[in-house]
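Accompanying notes for the structure given below.
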Amino acid sequence: MDQSNNVTVFILLGLSTNKNIEILCFVLFLFCYIAIWIGNLLIMISIMCSQLIEQPMYFFLNYLSLSDLCYTSTVTPKLMTDLLAERKTISYSNCMTQLFSTHLFGGIEIFILTGMAYDRYVAICRPLHYTVIMSRQRCNTIITACCTGGFVHSASQLLLTVFLPFCGPNEIDHYFCDVYPLLKLACSNTYLIGLLVIANSGLIALVTFVVLMLSYFFILCSIRAYPAGSRSKALSTCSSHVTVVVLFFAPALFIYIRPATTFPEDKVLALFYTIIAPMFNPLIYTLRNMEMKNAMRKVWCRPILLEGK
């Protein structure tokens, strides 16, 4: 434990050493972060202020938007601050806090996506029993399980890292604190810990991704017998979910399912699940969803019309 206290501050190498590129990235990520907040808040307020909150799919979407905001906020503000800073540093305690919080909200998001896939499976494959199976009590239980699963996952990631001895290099080749870049700096053999990280993050992501894809495969098989109108609506909903799943899981699987090594491409791929996916989620779930668009019109256009009168 004494060794681990030799490094009290880490230096983040960030995305680039070119100042012009960093300024350009700052402007880009600032717009992305604003879009994430506006888009997800619009969805959350529109759902909570309309009848959509009574429907399980939008109940889960509300929590997905909240987890998106929390997840990206653990990384993006620090990233933008560092893009303008001469020296990108983070204390040991803040690094461990960031590691825990990113995996907490990332884990919750993964499990919520699984809950949403289960909801669609029940709605399409067992429509007569849908209201009984997806009761509000069941939905609350699923959300509780998602939060518990995210906490267990992030706590195990933290425990694998917090006792590592850091006694030499302190430069993290990333723009936020994550497990693999930290394992690279440890002054001990991290082979076993690397395998445990794969068993934790990698297998969770892989198993969840396979389960999600199988659920949507069964859904697609089930809707073949549906009338054209119902089939089109089901396909539109499922395609939105699949797009979100691919945006989030594809880069995460590339990073966490392999042995404990780091590549320069990891930083770019990590942008997809820390910034790009949370930004596109509101667009994916609103532009292709008529119920969501109607709810937003009722919630936001009515006050404007009343003011006009």
Side-chain angles (χ1 to χ4, degrees), residues 36 39-40 42-44 46-48 50-72 104-127 129-150 153 204-223 230 233-250 252-253 273 276-293 295:
I36 290 169
N40 283 292
L42 280 174
I43 285 180
M44 292 169 62
S46 299
I47 291 174
M48 289 188 291
S50 69
Q51 296 298 317
L52 290 182
I53 192 64
E54 302 298 327
Q55 300 183 37
M57 185 178 81
Y58 298 102
F59 176 81
F60 290 129
L61 179 57
N62 182 51
Y63 280 99
L64 180 68
S65 294
L66 178 60
S67 66
D68 269 339
L69 283 179
C70 295
Y71 181 51
T72 193
L104 171 65
F105 295 116
I108 291 173
E109 182 156 348
I110 285 175
F111 296 128
I112 289 177
L113 288 171
T114 308
M116 294 177 75
Y118 174 70
D119 169 70
R120 289 301 86 200
Y121 172 80
V122 175
I124 294 171
C125 299
R126 301 186 64 183
H129 302 91
Y130 179 68
T131 54
V132 176
I133 296 174
M134 297 305 297
S135 63
R136 180 46 55 94
Q137 183 179 358
R138 176 68 61 84
C139 291
N140 287 329
T141 302
I142 291 173
I143 290 297
T144 303
C146 292
C147 295
T148 304
H153 162 68
I204 285 176
L206 180 62
V207 170
T208 307
F209 181 73
V210 171
V211 169
L212 288 169
M213 291 297 101
L214 284 175
S215 67
Y216 289 119
F217 173 77
F218 289 131
I219 288 172
L220 291 175
C221 291
S222 300
I223 65 176
S230 299
K233 182 179 179 180
L235 281 172
S236 177
T237 301
C238 291
S239 63
S240 299
H241 292 193
V242 170
T243 304
V244 171
V245 167
V246 172
L247 271 175
F248 189 88
F249 277 91
L253 283 171
Y273 56 80
I276 305 300
M279 182 180 67
F280 277 104
N281 281 1
L283 295 175
I284 292 168
Y285 281 113
T286 55
L287 294 181
R288 303 194 62 181
N289 190 315
M290 188 56 66
E291 286 182 317
M292 192 71 232
K293 286 191 284 189

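Here, residue 1 is the first one in the sequence, and each next residue gets the next number. Since the model is a prediction, treat every value here as computed from it, not as a measurement.
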Which distance, rounded to the nearest 0.5 Å, do you find between the CD of Glu109 and the CG of Leu64? 5.0 Å
Any side chain to side chain donor-acceptor pair (under 3.5 Å) involving residues 56-67? Give me the pairs, sequence neighbours left out, ordered by first then second residue. Asn40-Ser65, Tyr58-Asn289, Tyr58-Glu291
Here the gap from Cys70 atom SG to Leu104 atom CG, rounded to the nearest 0.5 Å, amounts to 8.5 Å
So, taking the atom named CD1 in Ile112 and the one named CZ in Phe59, what distance separates them when rounded to the nearest 0.5 Å? 9.5 Å
Ile110: which residues meet the side-chain contact (heavy atoms from CB on, under 4.5 Å) condition with it, sequence neighbours left out? Thr208, Phe248, Phe249
Counting only N and O atoms by type, is there a donor-acceptor contact under 3.5 Å from the side chain of Thr72 to the main-chain atoms of Leu69? no
Kindly determine whether Leu61 and Met44 satisfy side-chain contact (heavy atoms from CB on, under 4.5 Å), including the steps that lead there. CA-CA 8 Å; Leu61 179 57; Met44 292 169 62; over 6 Å; no
Using the side-chain contact (heavy atoms from CB on, under 4.5 Å) rule, take Met134 and Phe60 through it: C-alpha gap first, then chi angles, then the decisive distance, then the call. CA-CA 11 Å; Met134 297 305 297; Phe60 290 129; 3.7 Å; yes
Set of side-chain contact (heavy atoms from CB on, under 4.5 Å) partners for Ser46, sequence neighbours left out: Met292, Met296, Trp300
Any side-chain heavy-atom pair from Asp119 and Tyr130 closer than 4.5 angstrom? yes
Listed by chain and number, what are the side-chain contact (heavy atoms from CB on, under 4.5 Å) partners of Val210, not counting sequence neighbours? Leu206, Leu214
Can Tyr273 and Tyr71 be said to form a side-chain contact (heavy atoms from CB on, under 4.5 Å), step by step? CA-CA 9 Å; Tyr273 56 80; Tyr71 181 51; 3.0 Å; yes
Would you mind writing out the side-chain donor-acceptor pairs for residues 138-147 within the sub-3.5 Å range, not counting sequence neighbours?
from, atom 1, to, atom 2, distance (Å)
Asn140, ND2, Arg136, O, 3.2
Thr141, OG1, Gln137, O, 2.8
Thr144, OG1, Asn140, O, 2.8

Nearest 0.5 Å please: distance from the CD1 atom of Ile204 over to the NE2 atom of His153. 5.5 Å
What distance do Ile47 atom CD1 and Leu66 atom CG have between them, rounded to the nearest 0.5 Å? 11.0 Å
Are any of the side-chain heavy atoms of Leu52 and Met57 separated by less than 4.5 Å? no
Applying side-chain contact (heavy atoms from CB on, under 4.5 Å), name anything that partners Phe280, two or more places apart in sequence or on another chain. Leu247, Ile276, Leu283, Ile284
